[in-house]
Amino acid sequence: MRLSQFSRGPRFLSLAAALLFAGAADAAGNYEFLAAPQTDLNRVFRLDKANGEVGACQYGLKEGSSIGVTLCYPPGEGAKAGTFSEYALVASRHTGEGGVFRVDLRSGMMSICFVLNESSVVCTPQAK
């Protein structure tokens with residue numbers, strides 16, 4: 001009898017470890033990244049899938065350096081955290097488009113997000 005009780009212990013620990021790992025994987029999957037469709041722009045947008053916040057980063061040259069820098073643009077008007085939902089990013093197929101669409105998968109609402117004046121990411125008001 002003691003042997004059967006002991007043999008259940010490792011299974012329980014394996015199940016607990018699996019559940020813990022699954023929870024950590026869910027927490028790690030909060031962001032989505034998407035490159036702007038513009039072919040001569042090295043900009044990547046970052047989306048918080050839970051609250052819709054959008055930021056962006058791109059590579060930039062730094063005078064006197066052969067490495068360069070990562071230039072990031074914080075969320076600005078319309079791009080800051082909003083209503084809790086399920087958001088995604090979608091790129092148009094327009095090769096000259098520097099922005100991306102932010103879509104609310106639950107409501108079907110959409111907005112267009114882009115970097116304004118090389119200072120911050122802004123998004124248009126949501127529409128359906």
Side-chain angles (χ1 to χ4, degrees):
M1 225 172 167
R2 290 188 116 202
L3 184 58
S4 67
Q5 288 175 343
F6 180 74
S7 66
R8 281 189 277 176
R11 273 192 222 147
F12 175 75
L13 290 176
S14 295
L15 178 60
L19 290 173
L20 182 63
F21 179 74
D26 286 344
N30 271 353
Y31 293 96
E32 179 179 330
F33 300 89
L34 182 67
Q38 186 174 335
T39 57
D40 63 346
L41 183 63
N42 62 1
R43 184 172 293 153
V44 174
F45 287 87
R46 180 198 71 247
L47 169 75
D48 184 311
K49 295 189 298 184
N51 65 25
E53 181 178 87
V54 180
C57 292
Q58 69 183 50
Y59 174 77
L61 298 174
K62 182 177 180 181
E63 195 171 315
S65 174
S66 60
I67 298 173
V69 295
T70 303
L71 302 170
C72 291
Y73 307 101
E77 185 177 343
K80 294 181 180 178
T83 306
F84 180 78
S85 190
E86 186 179 354
Y87 295 92
L89 292 176
V90 178
S92 70
R93 298 181 83 183
H94 190 274
T95 58
E97 180 61 57
V100 295
F101 290 86
R102 174 182 59 189
V103 297
D104 184 329
L105 298 173
R106 293 183 184 167
S107 70
M109 301 289 279
M110 304 173 87
S111 56
I112 300 168
C113 302
F114 55 95
V115 173
L116 180 64
N117 298 327
E118 300 298 317
S119 64
S120 65
V121 176
V122 297
C123 298
T124 61
Q126 290 188 331
K128 208 175 205 182

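- E86 meets the salt bridge (Lys or Arg N to Asp or Glu O under 4.0 Å) test with R106; sequence neighbours excluded.
- In this structure, F84 stands alone, with no Ile, Leu, Val, Met, Phe, Trp or Tyr side-chain heavy atom under 4.5 Å from its own, directly or through other members.
- In this structure, the side chain to side chain contact (heavy atoms under 4.5 Å, CB included) partners of P75, at least two apart in sequence or on a different chain, are E53, A79, K80.
- In plain terms, the two heavy atoms of G78 and C123 that are nearest each other are O-CB, 3.3 Å.
- Residues meeting the salt bridge (Lys or Arg N to Asp or Glu O under 4.0 Å) test with R46, sequence neighbours left out: none.
- Taking T124 as the reference, nothing meets the side chain to side chain donor-acceptor pair (under 3.5 Å) condition, with sequence neighbours excluded.
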Which atom pairs, donor and acceptor, lie under 3.5 Å between side-chain atoms of residues 109-121 and protein residues at least two apart or in another chain?
residue: S111; atom: OG; partner: R102; partner atom: NE; Å: 3.2
residue: S111; atom: OG; partner: R102; partner atom: NH2; Å: 3.2
residue: E118; atom: OE1; partner: Y73; partner atom: OH; Å: 2.8
residue: S119; atom: OG; partner: L116; partner atom: O; Å: 3.0

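- Taking each heavy atom of L41 and G98 in turn, the nearest pair found is CD2-CA, 4.1 Å.
- Linking ILVMFWY residues whenever their side-chain heavy atoms come closer than 4.5 Å, directly or via other members, leaves V54 and Y31 in distinct clusters.
- Of all the heavy atoms in L71 and G60, the pair that sits closest is CD1-CA, 3.9 Å.
- With sequence neighbours left out, the side chain to side chain donor-acceptor pair (under 3.5 Å) criterion links Q58 to R43.
- For residues 31-77, every residue pair satisfying the disulfide (SG to SG under 2.5 Å) rule, not counting sequence neighbours, is listed here: C57-C72.
- Other members of the cluster containing Y59 are L61, with ILVMFWY side chains joined at under 4.5 Å, either directly or via other members.
- Evaluation of the side chain to side chain contact (heavy atoms under 4.5 Å, CB included) rule for T83 yields Y87 as partners, not counting sequence neighbours.
- Residue L105 is grouped with residue F101 when hydrophobic side chains (ILVMFWY) are merged at heavy-atom distances under 4.5 angstrom, including chains of intermediate members.
- Under the 3.5 Å distance criterion, the side-chain polar atoms of E97 are matched with a main-chain donor or acceptor of G99.
- The side chain to side chain contact (heavy atoms under 4.5 Å, CB included) search around S65 returns K62, I67, not counting sequence neighbours.
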